[in-house]
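Scroll down for the structure; my scribbles are underneath it.
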Amino acid sequence: MTTETKTVGIQSLQIGLNILEILAMEKEPLKFTDIQNLTAMTKSNLYKYLSTLSQFGLIYRNPHTNAYTLGHKLVQLGNVALGQSSLIEVVIPYFKKITEKTNLTVLLAVPSKKGPLISYILSADYGINIGAQMGTHLPITSSSGVVFSAFEKDVFLKEWEEEERSKFNESELQQFQVEKEKTRGLFFASKTEPLVKHVSSFSVPILNFNNELLGIITIVGITETVPKSADHPSGEYVLNVAMEISEYFGFKK
């Protein structure tokens with residue numbers, strides 16, 4: 001008979017973190033009564049927590065409005081955390097596992113003004129010409145391009161997408177729009193031989209706490225070996241990897 005091990009937490013710390021999360025989720029200053037209503041805490045207990053969090057700079061009370069926001073200390077800690085782990089440093093161990101499991105080439109594309117830019121490639125054991133290399137900007141017709149169009153929020157996307165879409169005829173434009181909406185729902189896009197004959201790919205997004213696109217994981221290989229749907233075992237595996245990386249950067253689906 002096996003005994004299930006339960007993680008023991010510190011309740012007071014959990015309550016304090018819950019207050020921080022409420023202030024983050026509401027995205028606007030909250031007064032004492034607002035926080036009390038959202039936490040259902042007694043006035044005396046809530047006052048103690050707010051006083052302690054303020055003392056350490058984790059929250060800030062505006063003396064003019066008496067409203068609370070997240071404090072400077074969180075910004076400082078967040079910047080340190082981001083500085084300690086760049087996206088490439090985070091994905092490298094995951095990419096090694098992906099190539100071992102799928103025997104396919106995996107690359108990381110990051111947002112740029114000219115579309116998704118390849119910033120890291122981990123090739124499978126066998127050599128194939130994937131039609132791109134480090135520093136290459138991928139077109140809208142690639143699986144990376146579809147994911148970029150589906151999830152990138154920045155205004156610079158409009159110029160890039162308008163330029164790329166000008167190469168489409170009316171039928172292709174309609175098909176692309178359908179594909180884009182489907183990608184938003186599945187977090188998955190696949191393309192058959194977009195750059196090189198006999199070489200296909202599928203891509204999934206890496207998002208942050210603000211649902212912003214940080215990067216795109218793209219799997220490349222001989223057409224017959226590359227999954228074309230999100231429910232394929234390899235597709236599911238890479239989707240789970242992307243979700244785990246996204247959660248590291250604060251994303252919540």
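Nothing fancy with the numbering, it's 1 onward along the sequence. Excluded from the calculations below are hydrogen atoms, water molecules and symmetry mates; all remaining heavy atoms, backbone and side chain alike, are included.
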* Asked: Is any side-chain N of the basic residue among E164 and K114 closer than 4.0 Å to the acidic one's carboxylate O?
  -> no
* Would you call E21 and K252 a salt bridge, using N to O less than 4.0 angstrom? -> yes
* May I ask you to check whether F209 and F251 place their ring centres under 6.0 Å from each other? => no
* **Mutual orientation of the aromatic rings belonging to F188 and F202 [parallel < 30°, tilted 30-60°, perpendicular > 60°]** => parallel
* Asked: Within a strict 4.5 Å, meaning less than it, do heavy atoms of the V147 and T183 side chains meet?
  -> yes
* Note: K191-E179 ion pair, threshold 4.0 Å (strictly below) -> yes
* Determine whether M25 and L70 fall in the same hydrophobic cluster, where Ile, Leu, Val, Met, Phe, Trp and Tyr are linked whenever their side-chain heavy atoms lie under 4.5 Å apart. => no
* Could you tell me if the ring centre of F32 sits under 6.0 Å from that of Y68? => no
* Asked: If two hydrophobic side chains count as joined below 4.5 Å and joins carry through other members, does I22 share a cluster with Y60?
  -> no
* To do: Evaluate the side-chain hydrogen bond (donor to acceptor under 3.5 Å, both in side chains) criterion for residues D231 and S229: first the C-alpha distance (whole Å), next the side-chain angles of each, then the deciding distance (0.1 Å), finally the verdict.
  => CA-CA 5 Å; D231 56 5; S229 65; 2.6 Å; yes
* To do: Consider only side-chain heavy atoms of I, L, V, M, F, W and Y, link residues closer than 4.5 Å, and tell whether V178 and V146 are in one cluster.
  => no
* Return yes if a side-chain donor-acceptor contact under 3.5 Å exists between S144 and T218, otherwise no. => yes
